[in-house]
Amino acid sequence: MKHGGDVVSVAEPTKSRKERRVPILEPLRPVLERLAEGKEPDNQLLVGPKGGVLTTATVRDATNWDKIVANPGLPDLTRHGLRHTGATWMANACDG
């Protein structure tokens with residue numbers, strides 16, 4: 001993720017390897033500003049524990065994901081599935 005102005009650019013590792021510009025939501029602005037302190041606009045905002053690109057594997061290892069989902073007996077639970085569940089819940093909350 002790179003930052004600047006009212007958008008955050010996600011350059012990689014997207015599926016298409018093309019830059020994606022994402023508008024900044026106001027509640028997220030203070031967090032992004034804190035992450036951006038002392039960084040140039042082309043610097044990465046989020047990096048892995050060794051300073052490299054933040055990947056799915058890095059997040060999985062840092063959160064002990066495999067152990068967490070095995071304990072409650074949910075071995076098929078995925079972060080991707082949770083993301084979609086969360087998006088569905090938010091969309092349903094807006095209906096009405």
Side-chain angles (χ1 to χ4, degrees):
M1 271 193 251
K2 297 179 182 180
H3 57 93
D6 290 330
V7 296
V8 173
S9 297
V10 181
E12 59 182 334
T14 63
K15 291 178 186 176
S16 66
R17 300 279 188 226
K18 293 181 181 176
E19 182 176 270
R20 188 173 15 165
R21 297 174 65 82
V22 180
I24 297 173
L25 301 173
E26 283 307 313
L28 188 56
R29 187 174 297 280
V31 175
L32 294 174
E33 288 173 349
R34 188 184 79 240
L35 288 170
E37 283 178 13
K39 294 183 179 180
E40 296 295 323
D42 282 347
N43 292 150
Q44 297 289 330
L45 285 180
L46 303 172
V47 295
K50 296 180 182 176
V53 175
L54 190 61
T55 65
T56 300
T58 305
V59 173
R60 181 192 62 233
D61 294 344
T63 59
N64 297 311
W65 181 263
D66 295 332
K67 183 178 177 182
I68 290 169
V69 298
N71 284 343
L74 302 170
D76 296 328
L77 184 65
T78 65
R79 289 177 303 283
H80 186 76
L82 289 175
R83 183 182 77 183
H84 286 283
T85 300
T88 300
W89 288 349
M90 285 187 283
N92 289 342
C94 293
D95 288 345

- Message: Please tell me whether Leu35 and Val47 are part of a single hydrophobic cluster in this structure, the criterion being side-chain heavy atoms less than 4.5 Å apart.
- Response: no
- OG1 of Thr58 to CG of Leu46, rounded to nearest 0.5 Å, is 12.0 Å
- Message: Looking at Glu37 and Arg34, is there a salt bridge between them, counting it only when a charged N and a carboxylate O are closer than 4.0 Å?
- Response: no
- Query: Which pair of heavy atoms, one from Gln44 and one from Lys39, lies closest together, and at what distance?
  - Reply: O-NZ, 3.1 Å
